[in-house]
Amino acid sequence: MRLLGKLGLAAAACLLGANVAAADTTVKWLHIEANPAQVKIWEEVARSYEASHPGVKVEMQFLENEAYKAKLPTILQSKDRPNIIYSWAGGVLKTQIEAGVLDDITDSVKGYSDSLTPAALAAFTSGGRVYGLPTALSQVGFLCNKELMAKAKVDPGAIKSWDDLLAAVKTLKAAGVTPIVVGGADKWPLHFYWTHLAVRIGGKPAFDAALRGENGGFAGETFQKSGELFKQLVDLQPFQNGFLGFKNPQAVGYFGDGKAAMTLAISTVYHLQRALAADKTGLSEDKICWFDFPVVSGGKGAPSDTLGGITGWLITKGSPKEAVDFLKYFVSKDVQTRLAAGNFIIPVVHGADAGLNNSFMKLIAANLAKSNYHQNFYDQSLGPSVGRVVNDVTAEIAGGSMSPQDAAKAIEAAWKQGN
């Protein structure tokens, strides 16, 4: 009997231990951030959350940008999928909602969501329901190297029109300076040119009309002309040798190494170029300049219209409630202010922009504040299948293997097929 009693106590202890283990919750967080300085802050925030929430572990996982895009559909079908995933919103988010792989977090963020910039939250809302939380805004424009521009006697502040940009490229080449570096192997950095030209030529009305299939859709005049103007640039051979073989991180590092005068990039590259430069120092603040994407003569888009991203995080289906709780903790005023102060983000939480202490980041924040039309990246906005075609044909224009007219027709055909 005494032995049975001991066995009973041992069984009870094992059962209790199992319950304690079951009470421990792991929140799996998958990200694509390549800047170790920013990831370090994220890790500190995760450890801080764990300290104030005993029994909860936040496990960070990293995937390189292109690998993430390629593998995510498969990852989301896995029973062991992460709980928090990175998102650029747009049509890709819509596809994920329709596939039923995301949690509706509307009720979990009631009240809290009032602290967020409405336009940023709207990007993660569908049918009045919230599926994710925004974390940062960004703008695409030209980052430039002051020393190389000065060497060629090019004034970046004077580049206002597309013709000005073409003239600057010619002058830089004549001075023996590589005008522009681009990660052509990843294709999407090239789509910035075609897309931003469409924003300048047709503005929001042209994009909205194309979505409705009006005026020839994406095969219409605006989009053919954007390809034609892009080809004007391509014909000047403005990019570094072998640009179609460069991945984006390699191209950003090339700019940070001081090997090209300009790069058309997301504003976050301002900071990222330091981490990806060979010496891990890159270009200091006093050596970097910025100018907005130039206007197009006769274009209907406003000069203040912006292209960029509204990035954020989604909660996958069946995740523990702690995943949303941690996400609210992460996208909080305190954390956003800290990231803003480190020049990592243009924040989306009200009041966190007080952390911005850098003239470049303040400039981007001001640009976004005055923009009445902020176009999300086409390769995200139009959904994964059409976005892939946009990137492919833009790269083909850059490589000289497709005409601007055929590129526009291919995008329209893909849009019609998917809609």
Side-chain angles (χ1 to χ4, degrees), residues 139-184 189-190 192-194 196-197 199-201 226 228-244 246 248 250-274 276-279 281-299 301 303-304 306-307 343 358-364 366-367 398:
Q139 180 188 357
V140 168
F142 279 96
L143 281 167
C144 46
N145 181 316
K146 286 182 180 178
E147 290 183 348
L148 292 181
M149 297 293 260
K151 178 183 175 182
K153 296 182 171 58
V154 172
D155 176 8
I159 302 175
K160 301 295 185 184
S161 71
W162 185 248
D163 288 340
D164 291 338
L165 178 66
L166 299 181
V169 166
K170 292 174 185 175
T171 304
L172 286 160
K173 289 197 73 170
V177 175
T178 299
I180 306 172
V181 61
V182 67
L190 286 164
F192 288 165
Y193 290 90
W194 186 87
H196 222 321
L197 282 164
V199 169
R200 290 287 184 257
I201 294 165
S226 64
E228 289 165 5
L229 294 187
F230 180 42
K231 188 174 184 302
Q232 285 183 353
L233 176 67
V234 168
D235 287 347
L236 297 179
Q237 299 183 329
F239 305 125
Q240 80 278 19
N241 290 334
F243 71 95
L244 288 173
F246 273 61
N248 189 60
Q250 184 185 0
V252 172
Y254 192 94
F255 177 74
D257 292 339
K259 295 180 178 179
M262 298 179 280
T263 183
L264 181 61
I266 305 170
S267 48
T268 50
V269 166
Y270 168 83
H271 208 72
L272 185 60
Q273 55 88 20
R274 298 180 186 180
L276 296 180
D279 62 3
T281 300
L283 300 177
S284 57
E285 187 176 337
D286 61 334
K287 291 182 180 178
I288 291 186
C289 47
W290 166 278
F291 60 92
D292 294 336
F293 195 89
V295 298
V296 171
S297 178
S304 60
T306 49
L307 171 72
N343 305 318
N358 169 283
S359 58
F360 173 78
M361 299 298 279
K362 287 179 179 178
L363 170 66
I364 302 301
N367 286 348

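Positions are given from 1, in the same order as the sequence printed here.
- Expressed to the nearest 0.5 Å, how far CZ of F192 lies from CG of L307 amounts to 6.5 Å.
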Show every donor-acceptor pair shorter than 3.5 Å between a side-chain atom in residues 166-184 and any protein atom, with sequence neighbours excluded, or say none if there are none.
| unit_1 | atom_1 | unit_2 | atom_2 | d |
| --- | --- | --- | --- | --- |
| T171 | OG1 | A167 | O | 3.0 |
| K173 | NZ | L236 | O | 3.0 |
| K173 | NZ | Q237 | O | 3.0 |

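- The backbone N or O of A278 sits less than 3.5 Å from a side-chain atom of D257, completing a donor-acceptor pair.
- For the pair S267 (side chain) and Q139 (backbone), a donor-acceptor distance under 3.5 Å is present.
- Note: E228 CD to L233 CG = 14.5 Å, rounded to the nearest 0.5 Å.
- The closest side-chain heavy-atom distance from V269 to L276 is not below 4.5 Å.
- A heavy-atom distance below 4.5 Å is not found between the side chains of T263 and F142.
- Remark: Q250 CD to Q240 CD distance equals 8.0 Å, nearest 0.5 Å.
- Of the inter-residue distances, the one linking S359 atom OG with W290 atom CH2 reads 13.0 Å to the nearest 0.5 angstrom.
- The two atoms that bring R274 and L283 nearest to each other are NE-O, 3.4 Å, heavy atoms only.
- Side-chain contact between M149 and M262: present, with at least one pair of heavy atoms (C-beta onward) separated by less than 4.5 Å.
- W162 and V296 make their closest contact through CB-CG2, 4.4 Å (heavy atoms, listed as atom of the first residue, atom of the second, distance).
- The side-chain contact (heavy atoms from CB on, under 4.5 Å) with F360 is formed by just one residue from the set I288, N343, L143; it is L143.
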**Test side-chain contact (heavy atoms from CB on, under 4.5 Å) applied to L363 and N358, step by step** = CA-CA 9 Å; L363 170 66; N358 169 283; over 6 Å; no
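- A distance of 7.5 Å separates CG of N248 from CD1 of I266, quoted to the nearest 0.5 Å.
- Environment of CG in N241: sparse, with no more than 12 heavy atoms of neighbouring residues, nucleotides or ligands closer than 6.0 Å.
- Between L190 and F230, the closest side-chain pair of non-hydrogen atoms falls below 4.5 Å.
- Here the shortest heavy-atom pairing between N367 and T306 reads O-CG2, 4.3 Å.
- Contacts classified as salt bridge (charged side-chain N to carboxylate O under 4.0 Å, His left out) and involving residues 147-164 (residues at least two apart or in different chains) are given here: E147-K287.
- Taking OG of S297 as the start and CZ of R200 as the end, the distance is 13.5 Å to the nearest 0.5 Å.
- When side chains are defined from C-beta on, W194 does not count as touching K231, because their heavy atoms never get closer than 4.5 Å.
- Residue F291 comes nearest to C144 through the heavy atom pair CD2-SG, 4.1 Å, listed as atom of the first residue, atom of the second, then distance.
- Listed here is the closest heavy atom pair of S226 and L197: O-CD1, 3.3 Å.
- Residues Y193 and F239 approach most closely at OH-CE2, 3.7 Å, considering heavy atoms.
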